[in-house]
Amino acid sequence: MKREVAAPATEAHPMDELLRMDRIPHIWCPTCGLGTVVTAFASAVDKLEIPLDDLAVVSGIGCTGRVAGYIKVDSFHTTHGRAIPFATGLHLTNPKLKVVVISGDGDLISIGGNHFIHAARRNVDITVICVNNFIYAMTGGQVAPTTPLRANASTMPYGNFERPFNIPYLAESSGAVYVARWTALHVRRLTKAIAEALQKPGFSVVEVISPCSTLYSRRNRIGTGLDLMKFYHDNCEIKHGADTRELDIGFQEEITVGKFIDTERPTYVESMNTWYAEVFGDQYEPYEGSAK
Amino acid sequence: MADSSRRTPPGPGQKYWRRPLDADRIKVPHGEIHILVNRCKGCQFCVEYCPRDVLEMSESFNVKGYHYPEAVNEGECVNCQLCEMLCPEFAIFCVEVEEEVADDDGGS
Amino acid sequence: MTADPKGVLTGEHYLDGDHAAAEGALAAGCRFFAGYPITPSTEVAERIAARFPRVGGVFVQMEDELGSMAAILGGAWAGAKSMTVTSGPGFSLMMENLGLGVMMEVPTVLVNVQRGGPSTGLPTLPGQADIMQARWGSHGDYEIIAVSPSSPQEAFDHTIMAFNFAEKYRVPTMVMMDECVGHMTEKVVIPEAEEIEIVPRKMYDGPKTEYLPYEPDEDMVPWMVRAGDGYRFHTTGLTHDEKGYPVMNSKCQEKCVHRLVDKIRSRIDEIVVLEEDGVEGADVVVVSYGITSRVTVPAVERARKDGINVGSLRLVTIWPFPENRIRELSRKIKTFIVPEINYGQLCYEVERCAAGNAETVLVPHGGGWVHDPGDIYDAIKKGAK
């Protein structure tokens, strides 16, 4: 991200250094917000000056699951829902790594829901960026655990009647120490939130509401991703510290964004080290990683 | 490509906010916009959210067949980089340029 | 290289198979364990949980077996020797990420202490009915390595062997115990660390910019790196090229999967470990593995006393299957007798390789106990006629 290099307009972009340029253009549709989320993540990493060699990105499956493939750090594209346990293994083996899970709402909250709540409970020191587009996009627009009531999905062809999860509430009640929600439009605040989450020891969650143009908005006849961005602009209310119980999202209704939780709790490795030091005394060597 | 629903921000000279007290001491940066035309997928995020209305969609197509943004009002760019942050295709960025000639009241 | 003395509990012990497998893992250098309790495998996890804090390892009891298998893959990529353990339904849950381990070529070990099935079946009693699941359980085409200990001593030895296979071939390797071996307590001798051979990970140390995570070496096994070492590599469960990038076409599929299969299939004879007793010149050969091979011993002895020319072939490694040896023997003998605690799994492999040259007779057992040696003896007697 060397900004002082004024590259010829047709050649390089300051982001290129962080991307696997041999894989760009990415597979995401026009007016999808995922590229914007990648930029926000990269900007946060850049701002914090995290050495790229110390960073690992893990994704599951789906549109957001492809993020790992585009960011030029140690990156793992795993199975559906298993990004968090895979990341747990990476982190516990080498706690010095900064491990970030970037995946979608279906991946993290449905098939990976159990891993999400338990990693939060253990306070595993990883950052989860959950891109919520309200739908299973890559498989063709099926209902997700985040699809707002009455929104249409290919497996809810008459409108969704299942109550969706409120991700910040789920994260907070499971034990996450940092919980924020922004949209792909709030790029600067999103970047700041990702930076805060990356610095936070423990399980940090940033939910990003992001437009899906091809499946969600087209199926629901609410325009393109650009129209959803305009919707976020006009219908998002920033309420820092809001009660997470009140953060449900209705179909085309107001979305509350902000930083909701920012607290301290010993991480899994800290808890283990503190307790074992008490149990074993001087015989215990504090665990700092087992990578050989 | 004009979209009638777009809200028009106030143009230069018709700002609705008050003039900051230190406005004469603050030098407004100027940005130079670089557009990687062939990466663009025509989402218009940059055009829609440029606070200075610097960008407009082109009449012509890029190699992928999309209209792309053009800096029609580059003199107005203040290098805020919002276009760069919003672009999902890593196709636009700003570089701050040094003013060649000082403003009349610059440095007073 | 030899074992790190830190994890080696040298001495003579009285251990059950589960605890011995845990000690095997520690001796092999395992320092990351993720697992979920399930009978009859839980004691492996319990022993590791008790031992790890003192050897610098980290144990985590995951929320389920799906997460356990995924976590040990992450642990291996971060540089640890990692392991999980399960039984019955837990083994089914691990199949998803076992496939990911095969595709990403992750050296790791999965211990399955087999119990009776299907479903929850017989949680506290033995079975050998996961043998085909070990081979084919994850979807798609691949080759895998599995060993089958028949005593606590072997649970120790074979777990080390499994780690060594995993590292050498970069493939998840299975230790297919059964409840009998897992809960049987016997003398286990743990040697000095310098007497334990350990296969080190095949680490790449060339120029960072030239690293290709899936460019095979001469032995078809690619070089590995650790996350955090600055290679900034990518790996995926999707069909991929040498760079580890997904490529969605049949040409890449052919190249990618063919090598995954070939790196093991073309080296079967290098991998296979067999124990043979009186096989040369025999009329009947009993092919067995795990606890069943111990039940076979009195049956063979009794048949020999009757003057029957019977040999015993015990599979220490069950996968890959020792095709060549079975083919070779089939031309010389009359009958293969295959006792196993299922209604026919490995006997189909024997039958395939015998290809009509010799008869293959299954001695089935539904599970919940081991064979009566008399049943195996009867089969030998019939097979000799």
Side-chain angles (χ1 to χ4, degrees), chain A residues 1-21 24-44 46 70-71 183-192 210-211 213 223-234, chain B residues 1-9 29-51 54-55 57-58 61-71 74 77-98:
Chain A
M1 301 275 275
K2 287 185 200 103
R3 201 167 294 283
E4 60 271 20
V5 182
T10 46
E11 284 173 15
H13 186 280
M15 277 285 290
D16 290 1
E17 203 180 306
L18 268 157
L19 297 171
R20 296 188 190 277
M21 287 311 296
I24 300 292
H26 53 61
I27 60 163
W28 300 315
C29 309
T31 78
C32 168
L34 275 164
T36 308
V37 179
V38 170
T39 304
F41 171 70
S43 307
D46 191 46
Y70 297 122
I71 300 181
T183 75
L185 179 67
H186 296 84
V187 262
R188 293 194 196 282
R189 293 172 194 271
L190 173 63
T191 303
K192 189 170 170 243
S210 175
S213 54
T224 65
L226 179 62
D227 295 303
L228 284 183
M229 290 291 251
K230 290 177 189 170
F231 177 83
Y232 304 153
H233 182 274
D234 298 337
Chain B
M1 295 303 291
D3 182 345
S4 59
S5 70
R6 256 185 67 197
R7 291 162 301 100
T8 315
H30 179 60
E32 184 183 279
I33 296 171
H34 296 258
I35 300 166
L36 286 74
V37 168
N38 288 331
R39 290 194 190 179
C40 180
K41 289 184 194 160
C43 73
Q44 301 183 50
F45 290 178
C46 57
V47 174
E48 174 70 22
Y49 291 103
C50 172
V54 171
L55 302 164
M57 291 308 276
S58 66
F61 299 96
N62 67 7
V63 289
K64 292 182 192 150
Y66 293 105
H67 296 288
Y68 51 88
E70 286 175 329
E74 197 163 358
C77 175
V78 294
N79 193 35
C80 75
Q81 295 165 8
L82 189 63
C83 54
E84 179 180 329
M85 293 291 292
L86 279 171
C87 176
E89 303 295 333
F90 325 110
I92 188 167
F93 65 99
C94 302
V95 179
E96 187 169 343
V97 287
E98 294 294 325

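Chain identifiers are assigned alphabetically (A, B, ...) following the order of the sequence lines, protein sequences preceding nucleic acid strands; residue numbering begins at 1 within each chain.
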> Hey, is the main chain of B:Glu70 close enough, under 3.5 Å, to the side chain of B:Ser58 for a donor-acceptor pair?
Replying inline: no
>> Would you compute the distance between atom CG of B:Asn38 and atom CZ of B:Phe61 and round it to the nearest 0.5 angstrom?
In response: 13.5 Å
>> Taking side chain as everything from C-beta outward and backbone as N, CA, C, O, which of these in A:Thr191 sits under 4.5 Å from a heavy atom of chain B? Side chain, backbone, both or neither.
In response: side chain
>> Using a 4.5 angstrom heavy-atom cutoff, name the option from A:Ile24, A:Val38, A:Val37, A:Leu185 with the most pairs to chain B.
In response: A:Leu185
> Based on non-hydrogen pairs under 4.5 Å, which of A:Leu19, A:Leu190, A:Leu34 is most in contact with chain B?
Replying inline: A:Leu19
> With no hydrogens and no angle check, do the side chains of A:Asp46 and A:Ser43 hold a donor and an acceptor under 3.5 Å apart?
Replying inline: no
>> With a 4.5 angstrom heavy-atom cut-off, is it the side chain or the backbone of B:Leu82 that approaches chain A, or both, or neither?
In response: both
>> Parallel, tilted or perpendicular: which one describes the rings of B:Phe93 and B:His34, with boundaries at 30° and 60°?
In response: parallel
